[in-house]
Number of protein chains: 2
Amino acid sequence: MNLTVAEENYIKAIYKLQEGDQAVTTNALAYELDTKPASVTDMAKKLKEKKLIDYEKYQGITLTPEGRKTALQVVRRHRLWECFLVDKLSFSWEEVHELAEELEHVRSEKLINRLSDFLGNPVIDPHGDPIPDAHGRMAKPRPQTPLDQANAKRLVVTAVSDQSTALLAFLNAKGIKLGTQLEIVAHYEFDNSIEIKMKHLSSLTISEQVAKNIMVRPL
Amino acid sequence: MNLTVAEENYIKAIYKLQEGDQAVTTNALAYELDTKPASVTDMAKKLKEKKLIDYEKYQGITLTPEGRKTALQVVRRHRLWECFLVDKLSFSWEEVHELAEELEHVRSEKLINRLSDFLGNPVIDPHGDPIPDAHGRMAKPRPQTPLDQANAKRLVVTAVSDQSTALLAFLNAKGIKLGTQLEIVAHYEFDNSIEIKMKHLSSLTISEQVAKNIMVRPL
DNA sequence: TTAATTATTTAGCTTTGTCTAAATTTTAAT
DNA sequence: ATTAAAATTTAGACAAAGCTAAATAATTAA
């Protein structure tokens with residue numbers, strides 16, 4: 001199947017938004033891809049034609065098995081390039097998302113498999129997200145929750161949404177990265193803020209907005 | 001200047017075809033890019049608008065200084081990716097051209113400069129072509145001639161056209177690569193063939209067709 | 001259950017890069 | 001210096017991917 005860059009981006013976004021077997025809505029997809037609902041409808045027809053999605057008008061979108069396979073390939077490419085950029089070219093984690101968005105569209109199984117070997121076949125990317133293997137199999141992520149919903153006191157950072165460069169830069173500035181251990185000191189409902197403390201450092205306060213993009217598991 | 005992939009490919013092709021200050025013809029460019037002369041005319045108008053080429057109708061195309069700069073950037077990216085693929089991912093030289101054609105369009109100065117550092121700032125690519133530095137400066141290639149026009153008997157292979165995968169695979173099979181030393185045993189005018197001999201090997205006969213894609217210098 | 005709101009789709013237009021066929025200009029040959 | 005051939009450009013069309021505005025369907029609220 002020969003897909004355009006736009007088609008691959010749609011498939012990837014649908015994969016990302018799909019939870020369980022709930023259909024992805026036109027609006028949600030438009031928002032995710034920073035485009036208009038009308039454009040999504042157009043593309044939905046094309047992707048249905050190519051049997052990558054199931055789509056009936058007004059009923060939302062779900063990936064077919066074929067579509068899911070495609071999505072996993074794109075995700076694999078994206079995450080391997082992120083590893084390359086961080087591990088080999090010394091980029092920091094907040095810089096790599098945009099570059100990987102471009103590199104991921106170079107479609108060559110051979111290239112990507114060799115890249116994986118070169119990197120030592122990593123199973124998670126620099127943001128803590130699992131990397132699908134050549135067959136689309138992925139280590140199922142360890143149970144993790146957004147920091148704003150964590151109930152345990154002592155936690156480890158396991159992943160961070162890689163969508164916002166600003167967020168990643170902010171976390172960098174605060175010294176928060178994958179594997180960082182922290183404790184929840186207090187959760188203030190009245191202003192939606194959370195006070196946390198990292199080893200050897202004074203505590204700091206972050207907004208729920210930020211906290212919900214930081215995934216953690218109990219230590 | 002924000003260029004599309006198509007625009008970059010045109011600029012690169014014009015750079016490749018331009019010899020001295022001779023204008024590149026519409027037809028030659030169409031042939032090089034595997035497209036139609038009418039399409040070239042259309043694109044020429046756009047590139048002129050962007051001040052990357054000088055173009056007057058029926059008069060052919062030349063790069064402006066700005067266009068040349070752009071071309072050198074694309075060539076730099078292409079050749080560095082070729083180095084990466086060969087040196088780090090163990091591709092052979094005939095496989096890398098097509099992949100580099102895609103990778104070269106990821107536009108990030110930071111990425112490409114870090115890639116260059118990572119590779120040890122190479123000055124020639126796997127086909128022997130010089131790599132422009134970050135400022136567009138390029139080691140001027142040592143004097144070299146196509147094998148079919150060489151007059152010296154003992155020669156070293158300095159470069160090979162990377163355009164044809166078939167050619168590169170053929171050379172691979174014969175054991176001819178960069179740095180290979182060979183002698184011209186005879187040049188048969190009547191059937192346009194050349195007999196060459198490599199150290200420790202029996203002589204072999206190749207066509208002028210092939211020979212003119214092999215660049216050599218006297219040993 | 002009807003009305004209002006929200007979500008989605010349709011229709012028609014735009015841009016980029018391509019094409020074919022026809023017209024025009026340049027070059028080469030007699 | 002004409003004329004024939006080759007090269008180039010113009011005109012008009014198309015596909016991909018997007019947009020806006022208007023129409024329609026689905027959902028929510030009164």
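Below, chain A is the first sequence line, B the second, and so on; all start at residue 1.
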Distances under 3.5 Å between protein N/O atoms and the N/O atoms of nucleotides 26-29 of chain D, please, pair by pair.
none

Neighbours of DNA chain D within residues 18-40 of chain A, by heavy-atom distance under 4.0 Å: A:Thr35, A:Lys36, A:Ala38, A:Ser39

Phosphate OP1/OP2 of D:dT9 contacted by B:Lys45 side-chain N/O (<4.0 Å):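 No, B:Lys45 has no side-chain N/O under 4.0 Å of OP1/OP2 on D:dT9.
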
Between N or O atoms, less than 3.5 Å apart, protein on one side and nucleotides 15-17 of chain D on the other: list the pairs.
unit_1, atom_1, unit_2, atom_2, d
D:dA17, OP1, A:Thr4, OG1, 2.5
D:dA17, OP2, A:Lys46, NZ, 3.3

Does the [X] side chain pair with the main chain of [Y], one donor and one acceptor, at a distance under 3.5 Å?
{"X": "B:Arg114", "Y": "A:Ser90", "value": "yes"}
{"X": "B:Glu7", "Y": "B:Thr4", "value": "yes"}
{"X": "A:Arg79", "Y": "A:Pro130", "value": "yes"}
{"X": "A:Thr64", "Y": "A:Leu52", "value": "yes"}

All ring pair (Phe, Tyr, Trp, His ring centres under 6.0 Å) counterparts of A:Phe84, not counting sequence neighbours: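 In terms of ring pair (Phe, Tyr, Trp, His ring centres under 6.0 Å), with neighbours along the sequence ignored, A:Phe84 is linked to A:Trp81, B:Phe84.
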
Among B:His97, B:His105, B:His127, ring pair (Phe, Tyr, Trp, His ring centres under 6.0 Å) partner for B:His78: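 Exactly one pass, corresponding to B:His97.
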
Closest heavy-atom pair and its distance - A:Ala150, A:Leu155: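 Residues A:Ala150 and A:Leu155, closest heavy atoms: CB-CD1, 3.8 Å.
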
Rounded distance in Å - CD (B:Glu8) to P (C:dT16): 16 Å

Nearest-angstrom distance from the residue atom OH of A:Tyr55 to C1' of C:dA7: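 In whole Å, C:dA7 C1' and A:Tyr55 OH are 11 Å from each other.
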
Any side-chain donor near an acceptor of the partner, B:Asn27 and B:Thr25, under 3.5 Å: no

Pairing residues for B:Ala134 by the side-chain contact (heavy atoms from CB on, under 4.5 Å) criterion, not counting sequence neighbours: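 Result, side-chain contact (heavy atoms from CB on, under 4.5 Å) vs B:Ala134: B:Arg76, B:Asn113.
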
For B:Asp148, all residues meeting side-chain contact (heavy atoms from CB on, under 4.5 Å), sequence neighbours excluded: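 Result, side-chain contact (heavy atoms from CB on, under 4.5 Å) vs B:Asp148: B:Pro146, B:Ile194, B:Glu208, B:Ala211, B:Lys212.
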
